[in-house]
There are 2 protein chains.
Amino acid sequence: MAWDTAATKQKILDAALEEFAEHGPAGTTVDRIAGRAGVNKERIYNYFGNKRALFTRVLAAESERIAGSVVFDPAHDDPVGDYAGRIFDYHTAHPELVRLLLWEGLTTPDEVVDEAARAEYYRAKVERFAEAQANGVLRDDLTPGVLLFSIMALAAWWHAAPHIARMATGTGRADTAQRRAAVMTAARHLATET
Amino acid sequence: MAWDTAATKQKILDAALEEFAEHGPAGTTVDRIAGRAGVNKERIYNYFGNKRALFTRVLAAESERIAGSVVFDPAHDDPVGDYAGRIFDYHTAHPELVRLLLWEGLTTPDEVVDEAARAEYYRAKVERFAEAQANGVLRDDLTPGVLLFSIMALAAWWHAAPHIARMATGTGRADTAQRRAAVMTAARHLATET
DNA sequence: GTTGATACCAACGAATTCGTTGGAAATGAT
DNA sequence: ATCATTTCCAACGAATTCGTTGGTATCAAC
C-alpha cells in the first residue's frame, strides 16, 4: 500500500473533531482518537505535537469553516430572522462547533485559539450590522456588537444547553423546524419593530 | 479538637463547587478537591461515594439555590426586562451555576441530575409566562416555554461564552452594567411590543 | 538493487489519578 | 477507666493515559 500522508492527517483531524466535540479536551484520550482514525498514536504526536495542539488545530479549522458560510443579507425581506435561521441551520448541521466553542470557553477563555483572526471575523459582521442600523433597516437601541452577540445566543443556546431546552419547552424529541421558527421570530423582535 | 462532620462535609462541597465549576467533571481531581478543602481524600469517598456522585450533589445544590431566588413579577413596569436583568445578576454573582450546567449539557445531556424536580421548576416558570400572555402583558407569538428559554439564553450567554462576548463586542474588560442593560433591552423586545 | 529518507507501528516508561485499606486519634456510653 | 464507635489520615494498588523510543516497511533517487 502506498503512503498517503494527507489522508492520514485528515483521518486524524476527522476523528479528533468527533472525539473533542464529544468529550472535550480533558475527556478525550489520544488513544481513542488514534483508534477511531485507524492510525497509530505516534502519528498524532509526529504530525500535531500534543493533545492540546491538536485541539487547537481542530477548533481553528472549524472556526474557519463557519466564517464564510453564513453571511448577513440586509436586502432580505426579513434580514435578521433569515440570518438567525441560517446560523441555527449551521449549528444543526454541524453541532460540533458549538460544543468546541463551549469547551474552549470553559477551559481557556483567556487564551483563545487564533483570536486575532476570529475577532476580525466578528468585527466584519458587526460592521454590516452597523450599516443596516444606519440605513434604518434595524433598530439602533442596541449596539451592533451586542445585537450580533444576542442573535448568536438565540441561535446557539438550543444546542449549547439541550437538556435545558428539553426541560423548559417540554419537547421530548427536539422539533427542529419549530425551534428554527422560534429563533427567527425572536431574532426579528430583537432587531426590528415588527 | 472536636469532630465537626457537618463542617467537614460543607468544606468538601464548597471546594468541589469551585473545582468542578472551574475544571469540569473530567478535569477536576479528587486530590485537588481534598487539598482545597483541607481534608483527606478518603472523607470524600466516605461521605459522597465517588467523583461523579459528588458532581451530581453539587449541581443539585446549586440548582435548588437559584430556583426560589429569581421570580418573574408580571406587575413590574418592565416585567420581562426586570426578570432578565435579575437572571443576569444572579449569574454574575454566582458564575459557577452556568458553568456547571454547561458541563452537564456537554457530558451527560440525556442523564440529567434530578430532572423531575428541575423540569417542574421550569414548568412553574412557564406557567407564569403563559398567564402573562393571556393577560396581554406579553406577546403571544412565541410559546411560553420558548420565551423563557430565549430569555435565559440572552441572560446566560455572556457567561457561557465570555471569549465570544469579548471578540464580538470588543470590550476588553467586561462592562457588567452595560451588558445588564443590553440584556434587559433585548428581553423586552423579545416579549413585548415596546 | 542499493541507499538514504520517510511513514509507520508495537511496546514501553513515567506520571497521574481513582478509589481502598489498615490503623491512629477522638468521642460518647457504661 | 474502659470499650465500642466514629472520624480521620498516610500510604497503597490498580488502572489509565500522555508522550517516546527502537525498529520495520515503504518510497524515491541513482
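Just so it is clear: chains get the letters A, B, ... in the order the sequence lines come, proteins before strands, and each one is counted from 1.
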(Q) Restricting to salt bridge (charged side-chain N to carboxylate O under 4.0 Å, His left out), what partner residues turn up for A/E120, sequence neighbours left out? (A)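 For A/E120, the residues satisfying salt bridge (charged side-chain N to carboxylate O under 4.0 Å, His left out) (neighbours in sequence not counted) are A/R123.
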Q) Parallel, tilted or perpendicular: which fits the ring planes of B/W158 and A/F149, with parallel below 30° and perpendicular above 60°? A)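 It falls in the tilted class, 30° to 60°.
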Q: Applying ring-ring contact (aromatic ring centres under 6.0 Å, His included), name anything that partners A/Y90, two or more places apart in sequence or on another chain.
A: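 Scan of A/Y90 (ring-ring contact (aromatic ring centres under 6.0 Å, His included), adjacent residues dropped) gives A/H94.
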**Q.** Pairs touching residues 143-157 of chain A that satisfy side-chain hydrogen bond (donor to acceptor under 3.5 Å, both in side chains), sequence neighbours left out
**A.**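 Checked against side-chain hydrogen bond (donor to acceptor under 3.5 Å, both in side chains) - neighbours excluded - no pair reaches residues 143-157 of chain A.
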What is the separation between atom [atom1] on [X] and atom [atom2] on [N], rounded to the nearest whole Å?
X     : N     : atom1 : atom2 : value
A/K11 : C/dA7 : NZ    : P     : 15 Å
B/I12 : D/dC8 : CD1   : C1'   : 11 Å
B/N46 : D/dC8 : CG    : C1'   : 9 Å
B/I44 : D/dT7 : CD1   : C1'   : 15 Å

Q: May I ask you to say what A/F48 touches in the nucleic acid, namely base, sugar-phosphate or nothing, with a heavy-atom cut-off under 4.0 Å?
A: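 Nothing, no heavy atom under 4.0 Å.
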Q.
Suppose we screen for side chain to side chain contact (heavy atoms under 4.5 Å, CB included). Which residues come up paired with B/D89, at least two apart in sequence or across chains?
A.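 For B/D89, the residues satisfying side chain to side chain contact (heavy atoms under 4.5 Å, CB included) (neighbours in sequence not counted) are B/R86, B/R180.
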(Q) Quick check on C/dC8: is either OP1 or OP2 less than 4.0 Å from any side-chain nitrogen or oxygen of A/Y47? (A)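 Looking at the OP1 and OP2 atoms of C/dC8, one of them is under 4.0 Å from a side-chain N or O of A/Y47.
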(Q) For a quick test of reading the model: is some side-chain N or O of A/T8 closer than 4.0 Å to OP1 or OP2 of C/dC8? (A)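 Yes, within the criterion.
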Q: Please collect all ring pair (Phe, Tyr, Trp, His ring centres under 6.0 Å) contacts where either partner lies in residues 20-51 of chain A, sequence neighbours excluded, each pair once.
A: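 Listed once each, the pairs are A/F20-A/F55.
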(Q) I'd like to compare against my own output: the B/S/- annotation of nucleotides 10-22 of chain C with a strict under-4.0 Å heavy-atom distance to protein. (A) B------SBBBB-
